A.B. asks: 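Have a look at the structure that comes next, please.
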Amino acid sequence: MPIVAATKDSIDRAAEALAKGEIVAFPTETVYGLGANALDASAIAKVFAAKDRPRFNPLIVHVLGPEEAEAYAAVNDTARRLMKAFWPGPLSLVLPRKSGCAIADLVSAGLDTVALRSPSNKIARDLLKAAKLPIAAPSANRSGRVSPTAAAHVEAELGRLPAMILDGGPCTLGLESTVLGIDGDEVTLLRLGALPREEIERVLGRKLAAREAGSHVTSPGQLATHYAPTTPLRLDASRPRHGEAFLAFGPNAPSFAGPAINLSRRGDLTEAAANFFAALRTLDEAGVETIAVMPIPDHGLGEAINDRLKRARIPATLTAGADLP
């Protein structure tokens, strides 16, 4: 089925497709998701197959709110505090699975935890209400590729594999959710994302713990290579070279006659994050050998943008940080 506008009728049809074990792409405030009934292992297997996703890489389950989350996970006071502050919104919490949790084991990649998020996007919420099911939904793209922030990006990546692609326009935030692991009172940052760490630490009143280097994958977004275009990136470039494309940032970006996109001429990191994946995808299609990327401030949402850039760089020899003339 082609891309369809997200209306009440199409959302109801998408909910019916999910109940039948089919996969459906839909917008969230972060990126477009490829959704399946989280209770149906066969449906979840279709998501992994469509994305060519490693089975050890767990999925995030979308629910309406804390009440639904507590049906599947052990939610402590720390988790409730974070849910109250940031749900619905771009925050995923990795929590212990409850005994007898009905969510398919494949969702959790065999771990004894489950990642849960309550999206704020109206279409996503209307789909959850219509489906009356938890929806497991990674980004709607081939594994390791640039995340989709528009329905056309999903179609370009997955073609007719989804039963339906609900078109809700461009995603407002443009980066995946921030993922936290909750173990008692300890809160560990597992993936940088659309909710800056500073806002989380302000609510908690303390610094987030760091994930141990070399530890096994416990949430999406932890693979060393991820979010990658087919064109290699040259990071921390003060100016582009002849024959490159240019991903710029801020009011002081040098002029360039070749393919170029400024993530935010105002130097606004929120605007830059919203534009990031779409800009990377556009420059990837420019037919150049390399994309030169200007430095992005490494605070707030800039920290998450830089995380995506470091994981997207291929090959490493082109992106060691040297900005040659």
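As the structure is a prediction and not an experimental result, all values here were calculated from the model.
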A.B. asks: Apply salt bridge (Lys or Arg N to Asp or Glu O under 4.0 Å) to D52 and list each qualifying residue two or more places apart in sequence or on a separate chain.
C.D. replies: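 Salt bridge (Lys or Arg N to Asp or Glu O under 4.0 Å) check on D52 returns nothing, list empty.
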
A.B. asks: Using every non-hydrogen atom in the two residues, find where R53 and P58 come nearest and quote the distance to one decimal.
C.D. replies: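 Looking at all heavy atoms of both residues, the shortest contact is NH2-O, 2.8 Å.
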
A.B. asks: Please test R241 against T290 for side chain to side chain contact (heavy atoms under 4.5 Å, CB included), starting from the C-alpha separation and ending with a verdict.
C.D. replies: CA-CA 9 Å; R241 304 169 185 158; T290 312; over 6 Å; no

A.B. asks: Could you list the cluster mates of M294? Members are the ILVMFWY residues connected by side-chain heavy atoms closer than 4.5 Å, either directly or through other members.
C.D. replies: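 Its cluster mates, by chain and number, are F246, F256.
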
A.B. asks: If the threshold is 4.0 Å, N to carboxylate O, is there a salt bridge linking E176 and R191?
C.D. replies: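 So E176 does not pair with R191 through a salt bridge.
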
A.B. asks: Could you list all the salt bridge (Lys or Arg N to Asp or Glu O under 4.0 Å) pairs where at least one residue sits in residues 17-43, not counting sequence neighbours?
C.D. replies: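 As it turns out, the salt bridge (Lys or Arg N to Asp or Glu O under 4.0 Å) pairs with a partner in residues 17-43, which skip direct neighbours, are E29-R117.
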
A.B. asks: Salt-bridged, R206 to D185, with N to O below 4.0 Å?
C.D. replies: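 No, no charged N to carboxylate O under 4.0 Å.
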
A.B. asks: Could you go through residues 91-99 and list every donor-acceptor pair under 3.5 Å that involves a side-chain atom there, pairing it with any protein atom two or more places apart or in another chain?
C.D. replies:
from	atom 1	to	atom 2	distance (Å)
S92	OG	S177	OG	2.8
R97	NH1	S108	OG	2.8
R97	NH2	I103	O	2.5
R97	NH2	D105	OD1	3.2
K98	NZ	E70	O	2.5

A.B. asks: Heavy-atom distance under 4.5 Å between the side chains of T149 and F276, does that happen here?
C.D. replies: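 They are not in side-chain contact.
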
A.B. asks: Is there side-chain contact between P295 and D236, with at least one heavy-atom pair below 4.5 Å?
C.D. replies: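 SC-SC contact between P295 and D236 confirmed.
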
A.B. asks: With sequence neighbours excluded, tell me which residues meet side chain to side chain donor-acceptor pair (under 3.5 Å) with K132.
C.D. replies: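 Not a single residue meets the side chain to side chain donor-acceptor pair (under 3.5 Å) criterion with K132.
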
A.B. asks: Let's go through R145 and S139 carefully: what are the C-alpha distance in whole Å and the side-chain angles of both, what is the deciding distance for side chain to side chain contact (heavy atoms under 4.5 Å, CB included) to 0.1 Å, and is it a yes or a no?
C.D. replies: CA-CA 10 Å; R145 291 273 295 137; S139 57; over 6 Å; no

A.B. asks: Run the salt bridge (Lys or Arg N to Asp or Glu O under 4.0 Å) test against E271 and tell me which residues pass, sequence neighbours left out.
C.D. replies: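 Result, salt bridge (Lys or Arg N to Asp or Glu O under 4.0 Å) vs E271: R266.
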
A.B. asks: For E157 versus V146, what's the shortest heavy-atom pair and its separation?
C.D. replies: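 Scanning both residues, the minimum pair turns out to be OE2-O, 4.4 Å.
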
A.B. asks: For residues 121-131, tabulate all N or O donor-acceptor pairs below 3.5 Å that involve a side-chain atom, not counting sequence neighbours.
C.D. replies:
from	atom 1	to	atom 2	distance (Å)
N121	OD1	I123	N	2.9
N121	OD1	A124	N	3.0
K122	NZ	D126	OD2	2.6
R125	NH1	L64	O	3.1
R125	NH1	S118	OG	3.1
R125	NH1	P119	O	2.9
R125	NH2	L64	O	3.0

A.B. asks: Applying side chain to side chain donor-acceptor pair (under 3.5 Å), name anything that partners D77, two or more places apart in sequence or on another chain.
C.D. replies: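 Residues passing side chain to side chain donor-acceptor pair (under 3.5 Å) with D77: R80.
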
A.B. asks: State which residues pass side chain to side chain donor-acceptor pair (under 3.5 Å) with N306; sequence neighbours excluded, sorted by chain then number.
C.D. replies: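 Applying side chain to side chain donor-acceptor pair (under 3.5 Å) to N306 gives D298.
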
A.B. asks: Taking R81 for its side chain and V203 for its backbone only, find out whether a donor-acceptor pair lies under 3.5 Å.
C.D. replies: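 Present.
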
A.B. asks: Under the side-chain contact (heavy atoms from CB on, under 4.5 Å) rule, collect the residues that match up with A137, sequence neighbours excluded.
C.D. replies: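 side-chain contact (heavy atoms from CB on, under 4.5 Å) list for A137, sorted by chain: F26, H62, I135.
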
A.B. asks: Of all heavy-atom pairs between V114 and A73, which one has the smallest distance, and what is that distance?
C.D. replies: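 Heavy atoms of V114 and A73 come nearest at CG1-CB, 3.9 Å.
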
A.B. asks: Please examine the side chains of I296 and L263, heavy atoms only from C-beta on, and report whether any two atoms are closer than 4.5 Å.
C.D. replies: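 SC-SC contact between L263 and I296 confirmed.
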
A.B. asks: For the pair T178 (side chain) and G193 (backbone), establish whether a donor and an acceptor sit closer than 3.5 Å, ignoring hydrogens and angles.
C.D. replies: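 Side chain of T178 to backbone of G193: a pair is present.
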
A.B. asks: Using modelled atom types only, decide if a donor and an acceptor are shared between the side chain of R308 and the backbone of L192 within a distance under 3.5 Å.
C.D. replies: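 Yes; judged by distance alone, with no hydrogens or angles, the pair exists.
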
A.B. asks: Is there side-chain contact between S264 and F249, with heavy atoms separated by less than 4.5 Å?
C.D. replies: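 Answer yes - side chains close enough.
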
A.B. asks: Might you point out which heavy atoms bring G300 and E198 nearest each other, and give the distance in Å?
C.D. replies: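 Residues G300 and E198, closest heavy atoms: N-OE2, 3.1 Å.
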
A.B. asks: Does a side-chain heavy-atom distance below 4.5 Å link R142 with L158?
C.D. replies: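 Yes - at least one pair of side-chain heavy atoms lies under 4.5 Å apart.
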
A.B. asks: Where is the tightest heavy-atom contact between I305 and L175, given as atom of each residue plus distance?
C.D. replies: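 Shortest heavy-atom separation between I305 and L175 comes out as CG1-CD1, 4.0 Å.
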
A.B. asks: Just to verify, what does T282 make a side chain to side chain donor-acceptor pair (under 3.5 Å) with, not counting sequence neighbours?
C.D. replies: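 Checked T282 against side chain to side chain donor-acceptor pair (under 3.5 Å); zero matches.
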
A.B. asks: Shortest non-hydrogen contact from V4 to S10?
C.D. replies: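 So the minimum-distance heavy-atom pair works out to CG2-CB, 4.1 Å.
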
A.B. asks: With a 4.5 Å limit on heavy-atom distance, are the side chains of N275 and I261 in contact?
C.D. replies: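 No, their side chains stay 4.5 Å or more apart.
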
A.B. asks: Could you go step by step and tell me if W87 and L116 meet the side chain to side chain contact (heavy atoms under 4.5 Å, CB included) rule?
C.D. replies: CA-CA 11 Å; W87 276 18; L116 297 166; 4.2 Å; yes

A.B. asks: Identify, with sequence neighbours excluded, every residue that meets side-chain contact (heavy atoms from CB on, under 4.5 Å) alongside A286.
C.D. replies: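 Here the qualifying residues are P259, V288.
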
A.B. asks: Got more than 12 heavy atoms from elsewhere within 6.0 Å of CG, N76?
C.D. replies: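 It does: N76 CG has more than 12 such atoms within range.
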
A.B. asks: To the nearest 0.5 Å, tell me how far N141 CG sits from H153 NE2.
C.D. replies: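 Rounded to the nearest 0.5 Å, the CG-NE2 separation comes out at 11.0 Å.
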
A.B. asks: Between the main-chain N or O of L301 and the side-chain N or O of R197, is there a donor-acceptor pair closer than 3.5 Å?
C.D. replies: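 Looks like no, no N/O pair under 3.5 Å.
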
A.B. asks: Can Y32 and L166 be said to form a side chain to side chain contact (heavy atoms under 4.5 Å, CB included), step by step?
C.D. replies: CA-CA 9 Å; Y32 272 72; L166 292 174; 6.0 Å; no

